[in-house]
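Below: one structure, written as structure tokens.
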Amino acid sequence: MPSLGATFGRGAATMPQWELANSDCVIIMGSNMAENHPVAFRFVLEAKERGATIIHVDPRFTRTSALADIYAPIRCGSDIAFLGGLIRHILANDLWFKEYALHYTNLATIINDRYQDVAELDGFFSGWDPESHSYDLETWQYRGEASPQKLEENHVTTGEPYSQKLRRISSGAPPVDLTLKHPSCVYNILRRHYAAYTPEMVERVTGCPKDTFLAVAEALTRNSGRERTGAWCYAVGWTHHSTGVQIIRAAGIIQALLGNIGRPGGGILALRGHCSIQGSTDVPTLYNMLPGYLPHPHALKSDATFKEYLEGQTNKRGYWNNFPKFAKSLLRAWYGEHANDGTEWGYPWIPKIMGDHSQLPMTMAMADGTIRGLLLIGQNPVVGGHNSRLVRKGLGNLEWLVVRETFESESASFWYKCPKVISGELSPSQIKTEIFLLPAALPGEKDGTFTNTHRLVQWHDKVVEPPADCRSDLWFIYHLGKRLKALYAGTPDRRDDPIRHLTWDYPEMGPYNDPSAQAVLKEINGYTWPDRRQLVSPEELKDDGSTACGVWIYSGVFPKDGHNQARSHVPDGPDGPGTHLGWGFAWPDNRRMLYNRAAADPAGKPWSERKRYVWWQDREQRWTGHDVPDFPPDKAPGYKPDWSKDPQGMAAIDGDSPFTMISDGKSSLFVTSGMKDGPVPAHYEPVESPVHNLFYHQQNNPLAKKWLRPDNPYHAPADPAYPYAITTYRLTEHHSGGMPTRMVPSLAELQPEGFVEIPPELAREKDIATLDWVVVSTARGSVEAKAMVTHRLRPFTIDGRTIYQVGMPFHFGWHGYATGAIANTLTAIIGDPNTTIHEGKAFTCNLRKGRLPVRAQK
Amino acid sequence: MTITQRPRWRDKLSGIAQDWAIPRQLAGQDPSGAAAESQGSRRLRPRLEEADKIGTSICPYCAVGCAQLIYAKGNDVIHVEGDPRSPINQGTLCPKGAGTFGWLNNPKRLTTVKYRAPHSDRWEDKPLNWAMERIALRVKQTRDETFVSRLPDGTLVNHTMALASLGGATLDNEENYLIKKLCAGALGMVWVENQARV
Amino acid sequence: MQRAKMTTYRNEARREIYPAPAAPLPAALPGYAGHGYYDLTPIKHSHYKWNTALAFLSTQIAGGSQIIATVADLRGQNRRMVRAGRYLAVAGGMNSAAILIAALHTPRRWYNMLRIFKKSSPMSIGIWSISPFTFFSGLAAAGQVAADIGYTRSGNWAGRAFSLPAALLGSVAIAYMGTELEETNMPAWASAYPLMAPLYACAGVSNAAAALLLFPMHNGTCGATTASIKKLAFVSGAAELALGAVLDGHWRRSAEASAIAQSRYEPWYRIGFLGIGMLGSLALRLWDRFDTNRSRVSNAASVLKLAGAMVQQTVLVYAGQESGRRARDYFAYTREPKIGNNAEHADQPADHAKKSAGSAGKDRATRTLPKARRSSSRSAVAWGLFACGALLISAAVLRKKESSR
Amino acid sequence: MTSAVYPPAVPMRARDHTESTLSRVIPDESELTAGITIRPGRTYGFFTDTSLCIGCKACEVACKEWNALPAQQIGLTANSYDHTRELSAITWRHVTFIEQIEDNPGCRANRLKPFQSHWLMMSDVCKHCKQAGCLDACPTGALFRTEFGTVVVQQDICNGCAYCVPACPFGVVEINFSDGKAHKCTLCYDRLKGGFEPACAKSCPTNSIQFGEVDVLLTRAARRVEKLHALGVDNAYLYGAPGTAGATGGIQQLYCFFLLLDRPEVYNLPVAPQLPSGRVAKSLGTGLAAVAGLGALAAVLMTQQSKAPRPGRKR
């Protein structure tokens with residue numbers, strides 16, 4: 001989540017879900033929380049019981065809207081228009097929280113004079129380079145070339161090697177004009193940027209009635225300030241867009257302006273979809289990151305040597321100044337004694353990435369034959385992945401494929417059960433992939449930890465042994481590594497050194513020689529080298545190789561032998577502070593609410609008694625509160641860095657800057673680097689949209705990643721052949737790829753077949769009744785499903801034109817008790833510029849009554 | 001409800017005699033209440049009390065992180081329900097979480113390794129060790145054939161573009177850690193991804 | 001508007017026993033929209049099939065014949081008739097018990113029917129009447145057998161001793177079936193309260209009489225008994241016809257019984273049972289002019305009566321099941337009687353509302369015959385007059401024909 | 001601890017069992033999940049507050065998993081998101097879905113009443129009536145009033161006579177034709193014996209299904225209705241509390257009562273259901289009177305014959 005990383009410093013939810021109960025206003029947008037996170041919705045209803053206003057902004061009226069006070073319908077893909085309208089409303093009517101925003105955000109910071117906004121360049125920011133198809137961030141920096149802030153998320157290919165920039169850093173604090181009169185200060189830039197997002201324009205672009213939009217704005221601003229806080233909840237409804245990251249950025253700006261970050265009942269809760277998806281970005285099986293959000297060395301950047309890599313990534317100010325400690329501890333954990341100056345700490349053994357190796361390019365690399373072997377562990381891309389036909393083509397083009405699943409999934413049986421084979425177009429003998437389908441174990445049959453949606457690392461116990469040949473994925477990867485080490489033991493080749501030197505000495509337990517998950521967690525937590533004493537917190541990390549730590553942000557999860565904090569089950573009682581510090585471990589440092597220094601005013605006193613959370617204790621000269629303070633405990637609120645001594649790291653952060661991960665300690669309303677597609681969010685239409693962009697001439701995000709290939713065709717904007725907007729989504733009763741719920745009878749019967757939700761006006765036009773068969777088609781393929789005609793979807797009037805919107809859940813496939821067409825046969829591979837996340841929430845399609853001819857089943 | 005085994009005919013007769021409610025009814029008990037109670041109902045206990053091991057687990061579906069109690073008797077799971085101590089769900093679960101028991105002891109679960117030879121049209125059952133051995137060999141063979149130490153312009157890369165690993169958002173942190181450590185740290189794989197972006 | 005204005009007498013009867021809800025629905029809610037939840041019905045229909053109908057008929061014949069045999073025995077009527085009655089009673093009793101056990105969905109646990117006695121359950125009352133009835137009828141029949149093979153005095157005495165309890169239990173056995181159907185929530189049955197039990201009782205006696213008249217022993221010696229049984233069959237048949245007609249009129253007017261009043265069962269009930277079954281058999285009875293011996297006309301009347309009875313039982317069973325599938329019927333049956341803002345009752349005469357509100361507290365039946373019952377009784381009188389008129393005319397015609405021969 | 005703060009903060013007792021792997025069940029777990037101790041002799045029930053229901057069907061799944069009930073496998077229905085249609089022998093919890101959104105697009109509501117509106121969702125269950133039609137009708141005593149005041153079908157007694165099916169005013173109990181017995185919600189009779197809260201109430205994420213002693217639930221429900229009326233939700237009312245719709249006709253009270261937001265018929269519930277067994281005596285009485293009358297008639301008819309045979313009748 002680079003957007004929360006770039007705006008506040010860490011790419012994760014800023015608040016625990018139980019804090020929602022203290023909110024005075026909860027806005028759910030880009031999420032269908034009651035359906036997809038029902039238990040988290042408990043706290044929203046508890047807030048409602050205490051008088052909060054619940055607002056749901058969504059293209060469809062869903063079970064969340066049924067429980068909301070205000071339902072604002074918006075056309076899918078027009079989120080930034082709505083949020084931009086809110087920002088304009090807040091700034092134009094001076095409703096923002098003055099003391100908070102002036103001191104805790106870079107609202108008053110002055111930006112480079114050569115910066116030009118999309119308003120002036122009609123859809124482009126200054127620095128646009130058409131040949132390299134990217135922005136030069138030079139004109140986005142603070143005036144006076146203050147060092148670009150270091151974001152902890154994924155360091156981005158900013159073209160110019162980072163080290164040159166360091167040399168031109170001026171010594172002092174960034175230039176600030178607290179009177180906000182300077183034309184180039186962030187405040188005026190935002191005013192000019194969002195001037196066009198008037199309520200009338202919001203209605204024209206999103207289709208949401210003006211009075212409803214103003215009601216949302218009024219409810220949000222009324223519930224912000226000293227005495228009241230508001231919270232935002234979002235999920236993939238925001239991320240699955242070609243402007244996904246910028247949508248979340250817009251919410252970040254709103255919350256920072258209204259002073260809701262780091263305060264009880266306030267913040268942004270990212271509702272993640274999988275049980276350990278936050279964990280899978282912290283301890284990343286992602287191409288662009290090493291564990292702990294360290295950027296993966298890049299072949300085309302200044303990462304050639306370890307020294308360059310360290311120098312390039314170490315930010316002069318803020319917490320990231322400790323980067324070398326994290327990097328060296330990681331390499332020490334991976335390569336043990338082989339990580340020394342002689343072997344350049346094992347840095348060369350880490351493969352350099354060449355560019356974008358995320359799942360979308362991986363699909364095409366498989367289809368083009370670049371990838372020959374794939375380990376598919378607990379994912380069902382044929383159903384969950386975009387452009388399902390291209391995924392099947394890719395899987396069919398592999399030499400060998402290992403699938404680890406609890407059932408035979410569509411991704412394992414595509415070669416004999418996909419529609420093409422069923423219809424006779426393709427025969428299994430034409431598919432050359434050698435496939436291993438290994439049965440997997442489930443939580444309850446294996447030890448380990450999940451990291452939940454608000455950074456809470458929780459242990460799950462092994463209660464029974466897995467049946468027959470089922471094994472945990474820890475067992476699989478450990479024994480695969482053991483066998484490979486045996487195979488490569490004697491090879492003379494130096495390039496096999498990393499395999500030999502990798503530390504892989506985990507104790508084996510139980511009848512199936514399971515590697516000890518506790519041992520791996522201890523390595524993640526980090527220990528001193530070579531005596532292996534567990535580290536208590538990241539503060540103990542050293543950059544001289546005397547500490548080894550797998551994931552520095554998780555340091556503290558296993559503070560000493562025998563005390564696994566992730567396995568601690570001590571909740572706060574009714575009389576407790578309600579932060580439940582004894583239940584599991586929340587990274588970093590078991591902190592529940594991030595940036596909670598912002599819950600106190602610049603002088604360290606709580607903004608109000610009702611919202612007291614963390615404050616400065618004058619007597620003991622320490623920060624205390626209901627939670628672990630997100631600030632050096634002994635740094636007084638009044639501390640000012642002595643610029644003459646060129647302070648480094650945390651010394652350069654003054655006492656009233658809660659966002660310590662960012663170099664100037666302020667939350668970035670205007671992001672100088674870290675966002676590829678613009679320092680401030682601007683509305684662009686989805687790549688496939690039924691309408692033209694009404695704000696700028698530029699139709700969609702200039703940096704949206706498009707792969708123009710015959711097997712991944714796109715629709716032209718406002719293409720008459722595909723007039724209807726379509727969104728895909730999840731249901732309460734099913735889980736994303738569908739396998740773990742379509743196979744469970746008591747869940748499958750609740751939503752037994754795939755369907756398409758159609759507004760009654762469109763249904764009347766096409767003479768479609770509920771349960772009639774309809775065919776939905778896009779350039780990628782067509783699927784048939786039963787219609788569900790419902791008033792919960794409504795037509796939108798966009799700029800005078802009536803736009804119909806249909807919706808289709810994407811869990812279904814050919815396996816299980818609940819079957820249906822694969823909705824992702826319709827979607828295209830389009831990527832967000834920063835994260836290459838696909839655009840599944842807004843594209844266009846055609847719809848007709850009837851069924852597909854049997855042969856044409858795609 | 002636990003179903004008692006079928007007793008022999010003598011037990012059956014004595015059972016019928018015990019359940020005969022007329023004497024209790026004549027003794028004044030309420031015919032729609034205590035008199036009608038059968039000995040099956042008297043002996044009834046929740047099956048959770050037969051569990052000899054109860055572990056705390058986390059729901060494997062979404063990221064809310066509800067805690068669950070897994071009741072097991074011997075090596076069989078007999079029930080999964082919400083953990084009342086958790087501040088997140090306090091014993092409640094959504095439909096998927098409540099259906100975890102249906103996933104754990106699902107009769108259709110894969111329990112043996114299935115292998116599909118290239119161009120074949122059916123699955124074959126294979127022993128686990130055979131599969132692991134063959135997978136290790138395929139990984140080594142693919143890596144050896146496609147490993148690139150330096151780019152033509154001399155940049156040190158030490159990677160292979162022919163091996164990929166996909167999946168991980170529903171895996172444990174420990175599993176993700178070892179996958180990245182083995183694939184990136186040792187084998188030089190750059191295609192290492194999971195559904196964090198799906 | 002006719003139907004809406006006329007409150008069904010069942011509502012009246014029901015209201016006097018159970019007060020309307022004290023707290024009506026909030027005024028903010030709309031009136032009843034005429035449908036329920038999609039196409040589904042709020043209740044589950046009963047699972048009685050034709051075998052239950054057969055069991056009811058067999059119980060009626062058994063109970064009725066035991067009553068007739070006992071009365072005949074006490075009144076010193078012809079012994080062969082009494083013997084026939086007792087044998088028929090025990091045969092009918094065992095037959096209905098067998099069918100009822102087979103109708104269970106877990107027949108192997110038939111003995112649980114005698115596990116407990118619940119006076120709130122018509123079926124429990126029924127079981128605890130049929131089983132001892134069959135037992136005592138068996139003993140009475142055994143006494144009869146003993147009398148037949150020689151021990152006349154002790155046999156007759158035993159027969160009479162056991163036939164008394166059997167007759168009493170038989171009368172419960174033939175009446176409980178009406179209550180069993182009525183005390184459910186099938187709107188057609190439940191709205192027939194309280195006439196189903198007397199209907200089954202009259203049916204029981206008339207069917208038994210018809211069955212007894214079919215026995216060959218009536219020629220010659222027991223002419224007097226035969227004549228009296230024919231008269232009994234005629235009178236009980238007329239009573240059954242009257243009750244059936246009243247019910248038919250009530251069902252047609254009330255919104256709760258469309259399953260029998262407006263369905264494929266309606267012609268069966270009206271023409272099959274009321275018309276051919278009842279009127280036909282009564283007419284033949286008259287034509288037979290209660291002759292003292294068995295004649296083809298009397299046999300035809302009996303057969304017609306029994307056939308009509310079978311039609312009646314089957315129609316009532318299946319109509320009840322059909323009405324369990326009709327949501328609108330059930331919602332009509334369970335709409336709140338008077339208060340609340342649903343339009344159907346808005347135009348109730350004010351006094352009526354006041355009166356029942358007054359009785360809301362008290363749980364006793366009101367003295368005055370409720371308006372509804374008066375209306376249905378008027379139709380009963382009409383049917384009765386029509387029937388008697390038809391009978392008198394046919395009797396007069398027959399008498400004239402007799403004298404002319 | 002009778003008054004249930006919504007939702008109950010983690011009770012203090014939860015801190016007595018902090019080990020990750022427990023050796024035995026948490027005693028009286030209902031104190032942690034429902035804030036009450038379950039003891040025989042008290043009357044327990046559900047208060048289903050549909051204004052909080054989010055239609056997630058966790059109750060349906062929890063019930064099916066606890067009671068090992070097979071799936072109904074009906075397939076897609078036209079009833080909004082309800083594809084299990086109704087309560088039956090193998091579905092003891094059923095969530096109804098009723099969409100109430102205006103037809104013309106212009107005025108589809110955006111400013112909604114607090115809590116649930118425009119898409120009614122309600123988790124239907126056996127009502128466990130105070131005077132139960134099925135209980136009174138059951139001839140074998142398979143249906144009985146348990147020590148917790150609930151109505152349960154005893155599977156070792158029921159012989160499938162199916163007389164309870166038409167007797168239930170709410171169409172809850174049904175025969176399972178494959179095992180030949182009647183089945184319905186038992187309010188988790190076995191769990192109550194072990195001090196556990198029923199599976200559906202424990203699993204309900206938004207505390208729409210609240211389990212407790214009936215009189216405690218009644219006071220809480222009445223307070224809830226007042227609060228909703230104060231908030232402008234004037235269509236909220238109790239269904240099944242004493243003296244309200246649903247508790248008429250001799251049923252007196254439903255121990256599982258509801259807070260509904262529209263007419264009962266919209267949820268397929270009768271406004272004024274009848275307890276059928278209240279009229280048994282009166283009905284049987286008229287029947288026996290008729291029999292007595294006919295018996296007397298028979299006696300009269302037979303007397304005349306023996307004294308004066310009809311003269312001159314020859315055949």
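Below, chains carry the letters A, B, ... as their sequence lines are ordered, and counting in each starts from 1. Side chains are part of it too, since the values below use all heavy atoms of this structure and drop only hydrogens, waters and symmetry mates.
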Completion exercise
The interface call for B:D125 against chain A, heavy-atom contacts under 4.5 Å, is neither
Exercise for the section: Go through the steps to decide whether B:L163 and A:R372 satisfy the test side-chain contact (heavy atoms from CB on, under 4.5 Å), and finish with yes or no. Expected result: CA-CA 6 Å; B:L163 277 171; A:R372 295 204 228 150; over 6 Å; no
Handout entry: Residue pair B:V139 / A:L484, side-chain heavy-atom distance below 4.5 Å
Key = yes
Handout entry: Donor-acceptor contact present, side-chain B:K96 to main-chain A:N36, <3.5 Å
Key = no
Practice task
Give a yes or no on whether a salt bridge exists between B:R143 and A:D496, defined as a side-chain N under 4.0 angstrom from a carboxylate O.
Solution key: yes
Problem - Side chain A:R483, main chain B:R134, donor-acceptor under 3.5 Å - result: no
Exercise for the section: Could you walk me through whether A:F476 and B:E175 pass the side-chain contact (heavy atoms from CB on, under 4.5 Å) test, one step at a time? Expected result: CA-CA 9 Å; A:F476 169 76; B:E175 289 162 350; over 6 Å; no
Handout entry: Nearest-0.5 Å distance, CG of residue A:L375 to SG of residue B:C183
Key = 6.0 Å
Problem - A:A304, part contacting chain B, at a heavy-atom distance under 4.5 Å - result: neither
Problem - Check: B:L178 and A:Y506 side chains under 4.5 Å, non-hydrogen atoms - result: yes
Fill in the blank from the handout: On a heavy-atom basis, the closest approach of B:I58 and A:H460 is N-CB, 3.6 Å
Fill in the blank from the handout: For B:E174 and A:A517 the tightest heavy-atom approach is CG-O, 3.6 Å
Exercise for the section: Check each atom of A:W415 against the heavy atoms of chain B and say whether the ones under 4.5 Å are side chain, backbone, both or neither. Expected result: side chain
Handout entry: A:L456 CG to B:I88 CD1 distance, which is reported to the nearest 0.5 Å
Key = 5.0 Å
Exercise for the section: Select one option (side chain, backbone, both, neither) describing which atoms of B:N106 are under 4.5 Å from chain A's heavy atoms. Expected result: side chain
Handout entry: Heavy-atom pair of closest approach, residues A:I837 and B:A196
Key = CD1-O, 4.2 Å
Problem - Per-residue contact mode, A:H296 against chain B (heavy atom under 4.5 angstrom) - result: side chain
Practice task
For side-chain contact (heavy atoms from CB on, under 4.5 Å), just list the numbers for A:Y287 and B:V190, CA-CA rounded to whole Å, side-chain angles, deciding distance to a tenth of an Å, and then say yes or no.
Solution key: CA-CA 6 Å; A:Y287 78 96; B:V190 288; 5.9 Å; no
Problem - Side chains of A:T451 and B:N173, donor plus acceptor under 3.5 Å - result: yes
Practice task
Report yes if some heavy atom in the side chain of B:K180 is under 4.5 Å from a heavy atom in the side chain of A:M289; otherwise report no.
Solution key: no
Practice task
Please assess B:K108 against A:E405 for the test salt bridge (charged side-chain N to carboxylate O under 4.0 Å, His left out), listing each intermediate value before the final yes or no.
Solution key: CA-CA 12 Å; B:K108 286 200 169 185; A:E405 257 296 349; over 6 Å; no
Exercise for the section: Examine the side chains of B:D172 and A:T449 and answer whether a donor and an acceptor come within less than 3.5 Å of each other. Expected result: no
Practice task
Report yes or no: does B:Y61 contribute a side-chain atom to a donor-acceptor pair with the main-chain N or O of A:T741 at less than 3.5 Å?
Solution key: no
Practice task
Answer yes or no on whether B:K114 is positioned over the face of A:F436, meaning its NZ or CZ is under 6.0 Å from the six-membered ring centre and within 45° of the axis.
Solution key: no
Problem - Side chain B:R197, main chain A:T835, donor-acceptor under 3.5 Å - result: yes
Problem - A:W459 and B:T56 side chains, donor-acceptor separation under 3.5 Å - result: no
Exercise for the section: Check the pair B:K181 / A:T503 against side chain to side chain donor-acceptor pair (under 3.5 Å), numbers first and verdict last. Expected result: CA-CA 9 Å; B:K181 183 175 178 181; A:T503 56; 2.7 Å; yes
Completion exercise
chain A shares the most heavy-atom pairs under 4.5 Å, among B:A184, B:G55, B:P118, with B:P118
Exercise for the section: Ignoring hydrogens and angles, tell me if any N or O in the side chain of A:D461 forms a donor-acceptor pair with the backbone of B:S57 under 3.5 Å. Expected result: no
Handout entry: Donor-acceptor pair between A:H274 and B:N194 side chains, under 3.5 angstrom
Key = no
Handout entry: Candidate pair B:V192 and A:L286, rule side-chain contact (heavy atoms from CB on, under 4.5 Å), full reasoning
Key = CA-CA 6 Å; B:V192 178; A:L286 292 176; over 6 Å; no
Handout entry: Heavy-atom proximity to chain B below 4.5 Å, by part of A:Y335
Key = side chain
Handout entry: Greater than 12 external heavy atoms within 6.0 Å of A:R494's CZ
Key = no
